[in-house]
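Here is the structure we will look at, set down as C-alpha coordinates.
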Amino acid sequence: MKWFHDLPIARKLALSFAATTAMTVALGLFALWRLGTANDQIQETNTSRMPAVVHVGEMLALLNEYRTYELAQLGRQGQPEEIADYHKRIADTRGAIEAAEAAYRALPSQPDARERALYAEVQAARAAYFAAHDGIAAAVDAGDFAAAEAISGGESRKWRRQFADALKALTAYNVQRLDQQVKAAEAAHARTVAAIWAGILALGLLAALLGWGIARAVARPLEKATRVAGAIAQGRLDNAIEAQARDEAGQLLDSMRAMQAQLRAVLDAQREMAQQHDAGTVSFRMDESRFPGEYGEMIRGTNRLVGSHVDAILEMLEVVRRYSVGDLSVDIARMPGEKATMTEAVDAVKASLGAINAEIRRLAQAAAEGDFSARGDEQAYRHDFRVMVQGLNAMM
(Lines give C-alpha, C1' and ligand atoms only; values in the text may rest on other atoms or scores of the structure.)
Protein backbone atom coordinates (compact mmCIF):
# COMPACT_ATOMS: atom_id res chain seq x y z
CA MET A 1 0.00 0.00 0.00
CA LYS A 2 3.02 2.31 -0.15
CA TRP A 3 1.88 3.59 -3.54
CA PHE A 4 -1.37 4.69 -1.89
CA HIS A 5 0.47 6.50 0.92
CA ASP A 6 2.67 8.25 -1.67
CA LEU A 7 -0.33 9.65 -3.55
CA PRO A 8 -1.24 13.30 -2.95
CA ILE A 9 -4.12 13.78 -0.54
CA ALA A 10 -6.38 15.06 -3.33
CA ARG A 11 -5.71 11.89 -5.34
CA LYS A 12 -6.30 9.73 -2.28
CA LEU A 13 -9.71 11.36 -1.83
CA ALA A 14 -10.46 11.13 -5.56
CA LEU A 15 -9.49 7.45 -5.64
CA SER A 16 -11.61 6.70 -2.59
CA PHE A 17 -14.56 8.58 -4.03
CA ALA A 18 -14.15 6.79 -7.37
CA ALA A 19 -13.94 3.38 -5.67
CA THR A 20 -17.03 3.95 -3.52
CA THR A 21 -18.89 5.46 -6.49
CA ALA A 22 -17.96 2.50 -8.69
CA MET A 23 -19.16 0.07 -6.05
CA THR A 24 -22.36 2.06 -5.58
CA VAL A 25 -22.98 2.06 -9.33
CA ALA A 26 -22.16 -1.66 -9.52
CA LEU A 27 -24.54 -2.36 -6.64
CA GLY A 28 -27.25 -0.28 -8.32
CA LEU A 29 -26.72 -2.04 -11.66
CA PHE A 30 -26.82 -5.42 -9.94
CA ALA A 31 -30.05 -4.48 -8.18
CA LEU A 32 -31.55 -3.28 -11.48
CA TRP A 33 -30.46 -6.50 -13.19
CA ARG A 34 -31.98 -8.63 -10.46
CA LEU A 35 -35.15 -6.55 -10.53
CA GLY A 36 -35.27 -7.05 -14.29
CA THR A 37 -34.85 -10.81 -13.85
CA ALA A 38 -37.55 -10.87 -11.20
CA ASN A 39 -39.79 -8.82 -13.46
CA ASP A 40 -39.17 -11.29 -16.31
CA GLN A 41 -40.17 -14.12 -14.00
CA ILE A 42 -43.28 -12.24 -12.94
CA GLN A 43 -44.11 -11.48 -16.57
CA GLU A 44 -43.67 -15.12 -17.53
CA THR A 45 -45.88 -16.15 -14.64
CA ASN A 46 -48.53 -13.58 -15.51
CA THR A 47 -48.43 -14.07 -19.26
CA SER A 48 -47.72 -17.81 -19.50
CA ARG A 49 -48.05 -20.13 -16.55
CA MET A 50 -51.00 -18.54 -14.82
CA PRO A 51 -52.98 -18.05 -18.06
CA ALA A 52 -52.12 -21.63 -19.05
CA VAL A 53 -53.62 -22.91 -15.81
CA VAL A 54 -56.66 -20.67 -16.34
CA HIS A 55 -57.24 -21.67 -19.98
CA VAL A 56 -56.79 -25.40 -19.39
CA GLY A 57 -58.99 -25.23 -16.30
CA GLU A 58 -61.58 -23.33 -18.33
CA MET A 59 -61.51 -26.11 -20.97
CA LEU A 60 -62.08 -28.71 -18.23
CA ALA A 61 -65.00 -26.76 -16.77
CA LEU A 62 -66.52 -26.27 -20.21
CA LEU A 63 -66.07 -29.98 -20.91
CA ASN A 64 -68.19 -30.81 -17.89
CA GLU A 65 -70.79 -28.32 -19.07
CA TYR A 66 -70.60 -29.79 -22.57
CA ARG A 67 -71.23 -33.32 -21.23
CA THR A 68 -74.16 -32.08 -19.18
CA TYR A 69 -75.83 -30.57 -22.26
CA GLU A 70 -75.08 -33.74 -24.19
CA LEU A 71 -76.79 -35.98 -21.65
CA ALA A 72 -79.70 -33.57 -21.24
CA GLN A 73 -80.30 -33.61 -25.00
CA LEU A 74 -80.71 -37.38 -24.98
CA GLY A 75 -83.67 -37.03 -22.59
CA ARG A 76 -85.57 -34.67 -24.92
CA GLN A 77 -86.87 -37.24 -27.37
CA GLY A 78 -89.93 -35.88 -29.13
CA GLN A 79 -89.08 -32.29 -28.14
CA PRO A 80 -87.51 -30.78 -31.24
CA GLU A 81 -87.35 -27.27 -29.82
CA GLU A 82 -85.54 -28.45 -26.72
CA ILE A 83 -83.21 -30.57 -28.82
CA ALA A 84 -82.43 -27.57 -31.06
CA ASP A 85 -81.75 -25.42 -27.99
CA TYR A 86 -79.29 -27.99 -26.65
CA HIS A 87 -77.72 -28.24 -30.08
CA LYS A 88 -77.04 -24.51 -29.86
CA ARG A 89 -75.76 -24.72 -26.29
CA ILE A 90 -73.46 -27.61 -27.20
CA ALA A 91 -72.16 -25.72 -30.25
CA ASP A 92 -71.52 -22.55 -28.17
CA THR A 93 -69.75 -24.57 -25.49
CA ARG A 94 -67.65 -26.35 -28.08
CA GLY A 95 -66.70 -22.98 -29.55
CA ALA A 96 -65.74 -21.75 -26.07
CA ILE A 97 -63.57 -24.86 -25.54
CA GLU A 98 -61.85 -24.30 -28.87
CA ALA A 99 -61.41 -20.60 -28.05
CA ALA A 100 -59.82 -21.47 -24.67
CA GLU A 101 -57.57 -23.97 -26.43
CA ALA A 102 -56.61 -21.36 -29.01
CA ALA A 103 -55.81 -18.90 -26.20
CA TYR A 104 -53.64 -21.58 -24.60
CA ARG A 105 -51.76 -22.18 -27.84
CA ALA A 106 -51.25 -18.41 -28.28
CA LEU A 107 -49.38 -18.05 -24.99
CA PRO A 108 -45.88 -16.55 -25.51
CA SER A 109 -44.01 -19.22 -23.56
CA GLN A 110 -42.37 -22.05 -25.43
CA PRO A 111 -43.65 -25.42 -24.07
CA ASP A 112 -41.08 -28.04 -23.24
CA ALA A 113 -41.17 -31.65 -24.44
CA ARG A 114 -43.29 -32.81 -21.51
CA GLU A 115 -45.88 -30.10 -22.01
CA ARG A 116 -46.01 -30.73 -25.74
CA ALA A 117 -46.62 -34.44 -25.10
CA LEU A 118 -49.40 -33.67 -22.63
CA TYR A 119 -51.01 -31.20 -25.01
CA ALA A 120 -50.82 -33.75 -27.83
CA GLU A 121 -52.84 -36.12 -25.64
CA VAL A 122 -55.36 -33.31 -25.05
CA GLN A 123 -55.65 -32.67 -28.78
CA ALA A 124 -56.10 -36.34 -29.61
CA ALA A 125 -58.72 -36.92 -26.90
CA ARG A 126 -60.55 -33.70 -27.78
CA ALA A 127 -60.71 -34.60 -31.49
CA ALA A 128 -61.91 -38.15 -30.71
CA TYR A 129 -64.49 -36.91 -28.20
CA PHE A 130 -65.89 -34.26 -30.54
CA ALA A 131 -65.98 -36.87 -33.32
CA ALA A 132 -67.94 -39.21 -31.04
CA HIS A 133 -70.31 -36.37 -30.20
CA ASP A 134 -70.85 -35.72 -33.90
CA GLY A 135 -72.06 -39.32 -34.08
CA ILE A 136 -74.45 -38.67 -31.19
CA ALA A 137 -75.72 -35.50 -32.87
CA ALA A 138 -76.30 -37.35 -36.16
CA ALA A 139 -78.22 -40.11 -34.37
CA VAL A 140 -80.33 -37.52 -32.51
CA ASP A 141 -81.08 -35.68 -35.73
CA ALA A 142 -82.12 -39.02 -37.26
CA GLY A 143 -84.37 -39.71 -34.26
CA ASP A 144 -82.37 -42.82 -33.31
CA PHE A 145 -81.93 -42.04 -29.60
CA ALA A 146 -81.00 -45.63 -28.84
CA ALA A 147 -77.94 -45.36 -31.08
CA ALA A 148 -77.20 -41.96 -29.59
CA GLU A 149 -77.32 -43.35 -26.06
CA ALA A 150 -75.12 -46.26 -27.09
CA ILE A 151 -72.51 -43.91 -28.47
CA SER A 152 -72.81 -41.66 -25.40
CA GLY A 153 -72.38 -44.52 -22.95
CA GLY A 154 -69.60 -46.12 -24.93
CA GLU A 155 -67.19 -44.32 -27.22
CA SER A 156 -68.17 -40.80 -26.12
CA ARG A 157 -67.75 -41.61 -22.42
CA LYS A 158 -64.37 -43.18 -23.09
CA TRP A 159 -62.99 -40.20 -24.99
CA ARG A 160 -64.58 -37.68 -22.64
CA ARG A 161 -62.82 -39.29 -19.71
CA GLN A 162 -59.54 -39.37 -21.61
CA PHE A 163 -60.08 -35.72 -22.62
CA ALA A 164 -60.79 -34.78 -19.00
CA ASP A 165 -57.82 -36.78 -17.73
CA ALA A 166 -55.54 -35.18 -20.34
CA LEU A 167 -56.75 -31.71 -19.32
CA LYS A 168 -56.21 -32.53 -15.64
CA ALA A 169 -52.68 -33.79 -16.38
CA LEU A 170 -51.89 -30.67 -18.41
CA THR A 171 -53.34 -28.49 -15.65
CA ALA A 172 -51.35 -30.31 -12.98
CA TYR A 173 -48.17 -29.90 -15.01
CA ASN A 174 -48.75 -26.17 -15.45
CA VAL A 175 -49.57 -25.82 -11.77
CA GLN A 176 -46.32 -27.65 -10.99
CA ARG A 177 -44.42 -25.33 -13.32
CA LEU A 178 -46.15 -22.37 -11.74
CA ASP A 179 -45.14 -23.54 -8.26
CA GLN A 180 -41.58 -24.00 -9.48
CA GLN A 181 -41.54 -20.48 -10.89
CA VAL A 182 -42.92 -19.06 -7.66
CA LYS A 183 -40.33 -20.92 -5.61
CA ALA A 184 -37.60 -19.87 -8.04
CA ALA A 185 -38.78 -16.25 -7.79
CA GLU A 186 -38.79 -16.45 -3.99
CA ALA A 187 -35.30 -17.99 -3.97
CA ALA A 188 -34.07 -15.37 -6.44
CA HIS A 189 -35.57 -12.63 -4.29
CA ALA A 190 -33.83 -14.04 -1.22
CA ARG A 191 -30.53 -14.24 -3.10
CA THR A 192 -30.99 -10.72 -4.41
CA VAL A 193 -31.71 -9.35 -0.94
CA ALA A 194 -28.70 -11.23 0.47
CA ALA A 195 -26.48 -10.00 -2.38
CA ILE A 196 -27.64 -6.40 -1.96
CA TRP A 197 -27.04 -6.54 1.79
CA ALA A 198 -23.62 -8.07 1.15
CA GLY A 199 -22.90 -5.28 -1.33
CA ILE A 200 -24.06 -2.64 1.15
CA LEU A 201 -21.86 -4.15 3.88
CA ALA A 202 -18.91 -4.41 1.49
CA LEU A 203 -19.46 -0.82 0.37
CA GLY A 204 -19.66 0.37 3.97
CA LEU A 205 -16.56 -1.63 4.88
CA LEU A 206 -14.65 -0.26 1.89
CA ALA A 207 -15.69 3.31 2.71
CA ALA A 208 -14.67 2.79 6.35
CA LEU A 209 -11.31 1.26 5.37
CA LEU A 210 -10.60 4.02 2.86
CA GLY A 211 -11.62 6.69 5.36
CA TRP A 212 -9.49 5.10 8.08
CA GLY A 213 -6.56 4.70 5.69
CA ILE A 214 -6.72 8.30 4.46
CA ALA A 215 -7.20 9.69 7.97
CA ARG A 216 -4.27 7.61 9.23
CA ALA A 217 -2.08 8.50 6.25
CA VAL A 218 -2.78 12.21 6.79
CA ALA A 219 -3.05 12.42 10.59
CA ARG A 220 0.07 10.48 11.58
CA PRO A 221 2.57 12.58 9.58
CA LEU A 222 0.78 15.76 10.67
CA GLU A 223 0.98 14.70 14.33
CA LYS A 224 4.68 13.96 13.85
CA ALA A 225 5.18 17.33 12.13
CA THR A 226 3.34 19.03 15.00
CA ARG A 227 5.61 17.37 17.55
CA VAL A 228 8.70 18.32 15.55
CA ALA A 229 7.51 21.92 15.19
CA GLY A 230 6.87 22.09 18.96
CA ALA A 231 10.32 20.70 19.68
CA ILE A 232 11.96 23.20 17.30
CA ALA A 233 9.96 26.01 18.92
CA GLN A 234 11.40 24.90 22.29
CA GLY A 235 14.93 24.88 20.87
CA ARG A 236 15.37 21.11 20.49
CA LEU A 237 16.96 20.34 17.13
CA ASP A 238 17.90 16.71 17.73
CA ASN A 239 14.66 15.18 16.37
CA ALA A 240 14.94 12.27 13.95
CA ILE A 241 12.50 13.14 11.16
CA GLU A 242 11.53 10.38 8.73
CA ALA A 243 8.98 10.86 5.98
CA GLN A 244 7.57 7.48 4.95
CA ALA A 245 5.18 8.86 2.31
CA ARG A 246 5.54 11.29 -0.56
CA ASP A 247 2.19 13.04 -0.18
CA GLU A 248 1.70 16.55 1.17
CA ALA A 249 2.18 15.36 4.77
CA GLY A 250 5.42 13.63 3.78
CA GLN A 251 6.57 16.73 1.95
CA LEU A 252 5.77 18.74 5.08
CA LEU A 253 8.02 16.46 7.13
CA ASP A 254 10.76 16.81 4.50
CA SER A 255 10.43 20.59 4.79
CA MET A 256 10.57 20.34 8.59
CA ARG A 257 13.73 18.22 8.30
CA ALA A 258 15.30 20.77 5.92
CA MET A 259 14.36 23.62 8.29
CA GLN A 260 15.86 21.77 11.25
CA ALA A 261 19.03 21.10 9.23
CA GLN A 262 19.30 24.79 8.31
CA LEU A 263 18.86 25.84 11.93
CA ARG A 264 21.52 23.34 12.96
CA ALA A 265 23.83 24.70 10.28
CA VAL A 266 23.26 28.25 11.59
CA LEU A 267 24.03 27.14 15.15
CA ASP A 268 27.12 25.23 14.01
CA ALA A 269 28.33 28.31 12.12
CA GLN A 270 27.80 30.47 15.22
CA ARG A 271 29.63 27.93 17.40
CA GLU A 272 32.52 27.88 14.95
CA MET A 273 32.72 31.68 14.99
CA ALA A 274 32.68 31.69 18.82
CA GLN A 275 35.50 29.13 18.88
CA GLN A 276 37.52 31.15 16.37
CA HIS A 277 37.05 34.33 18.38
CA ASP A 278 37.92 32.51 21.60
CA ALA A 279 41.08 31.33 19.87
CA GLY A 280 41.94 34.95 19.02
CA THR A 281 40.82 35.08 15.37
CA VAL A 282 38.47 38.01 15.86
CA SER A 283 38.44 38.65 12.11
CA PHE A 284 36.58 35.39 11.47
CA ARG A 285 33.08 35.75 10.03
CA MET A 286 30.46 33.18 9.04
CA ASP A 287 29.98 32.41 5.32
CA GLU A 288 26.69 34.09 4.41
CA SER A 289 26.56 32.48 0.96
CA ARG A 290 25.94 29.04 2.49
CA PHE A 291 22.52 30.03 3.79
CA PRO A 292 19.45 30.92 1.69
CA GLY A 293 16.82 33.55 2.30
CA GLU A 294 16.19 34.72 5.85
CA TYR A 295 18.80 32.30 7.16
CA GLY A 296 21.41 34.23 5.21
CA GLU A 297 19.97 37.47 6.62
CA MET A 298 20.35 36.04 10.16
CA ILE A 299 23.99 35.24 9.44
CA ARG A 300 24.60 38.67 7.94
CA GLY A 301 22.99 40.32 10.96
CA THR A 302 25.14 38.29 13.35
CA ASN A 303 28.28 39.10 11.34
CA ARG A 304 27.39 42.80 11.42
CA LEU A 305 26.75 42.68 15.15
CA VAL A 306 29.99 40.87 15.93
CA GLY A 307 31.88 43.11 13.50
CA SER A 308 30.45 46.21 15.14
CA HIS A 309 31.58 45.09 18.59
CA VAL A 310 34.98 43.95 17.36
CA ASP A 311 35.47 47.20 15.46
CA ALA A 312 34.54 49.21 18.54
CA ILE A 313 36.97 47.23 20.67
CA LEU A 314 39.75 47.55 18.08
CA GLU A 315 39.13 51.28 17.78
CA MET A 316 39.28 51.61 21.56
CA LEU A 317 42.48 49.56 21.65
CA GLU A 318 44.00 51.74 18.95
CA VAL A 319 43.19 54.90 20.93
CA VAL A 320 44.58 53.34 24.14
CA ARG A 321 47.69 52.29 22.20
CA ARG A 322 48.14 55.92 21.08
CA TYR A 323 47.70 57.00 24.69
CA SER A 324 50.23 54.38 25.79
CA VAL A 325 52.93 56.00 23.65
CA GLY A 326 52.02 59.44 24.92
CA ASP A 327 49.81 60.61 22.04
CA LEU A 328 46.85 62.19 23.76
CA SER A 329 45.80 64.12 20.70
CA VAL A 330 43.14 61.65 19.60
CA ASP A 331 39.71 61.13 21.08
CA ILE A 332 37.70 57.96 20.93
CA ALA A 333 34.55 58.10 18.76
CA ARG A 334 31.34 58.89 20.57
CA MET A 335 29.31 55.69 21.03
CA PRO A 336 25.56 55.42 21.67
CA GLY A 337 23.66 53.73 24.47
CA GLU A 338 25.50 51.31 26.69
CA LYS A 339 28.54 51.52 24.42
CA ALA A 340 29.05 55.02 25.86
CA THR A 341 30.69 53.36 28.90
CA MET A 342 33.62 52.49 26.62
CA THR A 343 33.82 56.10 25.51
CA GLU A 344 33.64 57.29 29.12
CA ALA A 345 36.34 54.82 30.23
CA VAL A 346 38.75 55.88 27.47
CA ASP A 347 37.95 59.55 28.14
CA ALA A 348 38.71 58.95 31.81
CA VAL A 349 42.06 57.40 30.87
CA LYS A 350 42.84 60.38 28.70
CA ALA A 351 41.74 62.79 31.43
CA SER A 352 43.88 61.01 34.06
CA LEU A 353 46.90 60.91 31.79
CA GLY A 354 46.35 64.57 30.90
CA ALA A 355 46.05 65.55 34.55
CA ILE A 356 49.22 63.72 35.64
CA ASN A 357 51.02 65.13 32.62
CA ALA A 358 49.93 68.67 33.56
CA GLU A 359 51.05 68.03 37.14
CA ILE A 360 54.49 66.88 35.94
CA ARG A 361 54.81 69.92 33.65
CA ARG A 362 53.85 72.26 36.46
CA LEU A 363 56.47 70.81 38.82
CA ALA A 364 59.07 70.71 36.04
CA GLN A 365 58.36 74.36 35.24
CA ALA A 366 58.70 75.31 38.94
CA ALA A 367 62.01 73.45 39.19
CA ALA A 368 63.25 75.14 36.03
CA GLU A 369 62.47 78.47 37.64
CA GLY A 370 64.32 77.47 40.86
CA ASP A 371 61.17 77.07 42.91
CA PHE A 372 61.63 73.73 44.64
CA SER A 373 58.93 74.45 47.14
CA ALA A 374 56.19 73.49 44.65
CA ARG A 375 54.40 70.26 45.41
CA GLY A 376 51.90 68.06 43.52
CA ASP A 377 48.43 67.42 44.93
CA GLU A 378 48.80 63.85 46.10
CA GLN A 379 45.19 63.65 47.30
CA ALA A 380 43.92 64.31 43.77
CA TYR A 381 45.27 60.97 42.54
CA ARG A 382 45.01 57.36 43.44
CA HIS A 383 47.02 54.22 43.05
CA ASP A 384 50.15 54.50 40.89
CA PHE A 385 49.31 58.05 39.87
CA ARG A 386 49.47 59.05 43.56
CA VAL A 387 52.77 57.18 43.86
CA MET A 388 54.09 59.10 40.86
CA VAL A 389 53.07 62.43 42.42
CA GLN A 390 54.59 61.36 45.74
CA GLY A 391 57.84 60.55 43.90
CA LEU A 392 57.85 63.91 42.18
CA ASN A 393 57.25 65.66 45.49
CA ALA A 394 60.11 63.71 47.07
CA MET A 395 62.37 64.62 44.14
CA MET A 396 61.39 68.32 44.56
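Every heavy atom of this structure was used, including side-chain atoms; hydrogens, water molecules and symmetry mates were not.
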- Task: Check whether the ring centres of F130 and Y66 lie less than 6.0 Å apart, and answer yes or no.
- Result: yes
- Query: Taking atom types as modelled, is there a side-chain donor on Q276 or E272 under 3.5 Å from an acceptor on the other?
  - Reply: no
- Please determine if R89 and D85 form a salt bridge, counting it only when a charged side-chain N lies under 4.0 Å from a carboxylate O. yes
- Query: Which atom pair, heavy atoms only, marks the closest approach of L71 to S152?
  - Reply: CD2-OG, 3.7 Å
- What distance do I196 atom CD1 and L203 atom CG have between them, rounded to the nearest 0.5 Å? 12.5 Å
- Query: Is the number of heavy atoms from other residues, nucleotides or ligands within 6.0 Å of CE (M50) greater than 12?
  - Reply: no
- Message: Any salt bridge linking E297 with R304? Criterion: basic side-chain nitrogen under 4.0 Å from a carboxylate oxygen.
- Response: yes
- Query: Is it true that atom CZ of R361 has more than 12 heavy atoms of other residues, nucleotides or ligands lying nearer than 6.0 Å?
  - Reply: no
- Neighbour count >12 (heavy atoms, 6.0 Å) for atom CG, D327: yes
- What distance do L363 atom CG and R375 atom CZ have between them, rounded to the nearest 0.5 Å? 8.5 Å
- Task: Check whether Y129 and Y69 end up in the same hydrophobic cluster, where Ile, Leu, Val, Met, Phe, Trp and Tyr are linked by side-chain heavy atoms less than 4.5 Å apart.
- Result: yes
- Message: For I83 versus R76, what's the shortest heavy-atom pair and its separation?
- Response: CD1-O, 3.2 Å
- Item | Interatomic spacing from CD1 in I360 to CD1 in I356 - rounded to 0.5 Å | 5.0 Å
- Between E70 and R67, is the closest basic N to carboxylate O distance under 4.0 Å? yes
- For R300, look at atom CZ and say whether over 12 heavy atoms of other residues, nucleotides or ligands are found less than 6.0 Å away. yes
- Message: Any carboxylate oxygen within less than 4.0 angstrom of a Lys/Arg side-chain nitrogen, looking at D165 and R160?
- Response: no
- Which one of V306, I299, D268 satisfies the side-chain contact (heavy atoms from CB on, under 4.5 Å) criterion with M286? I299
- Query: Do NZ/NE/NH1/NH2 and the carboxylate oxygens of K350 and D347 come within less than 4.0 Å?
  - Reply: no
- Item | H87 atom NE2: more than 12 heavy-atom contacts under 6.0 Å | yes
- When hydrophobic residues are tied together by side-chain contacts of less than 4.5 Å, even through go-betweens, does L107 share a cluster with L167? yes
- Task: Tell me yes or no: between the side chains of Y86 and E81, is some donor less than 3.5 Å from an acceptor?
- Result: no
- Heavy-atom side-chain proximity of V330 to E318 below 4.5 angstrom: no
- Message: Using the rule that Ile, Leu, Val, Met, Phe, Trp and Tyr join whenever any side-chain heavy atoms are under 4.5 Å apart, tell me whether M59 and V53 fall into a single cluster.
- Response: no
- Between F385 and Y381, what is the ring plane arrangement, given parallel below 30°, perpendicular above 60°, and tilted in between? perpendicular
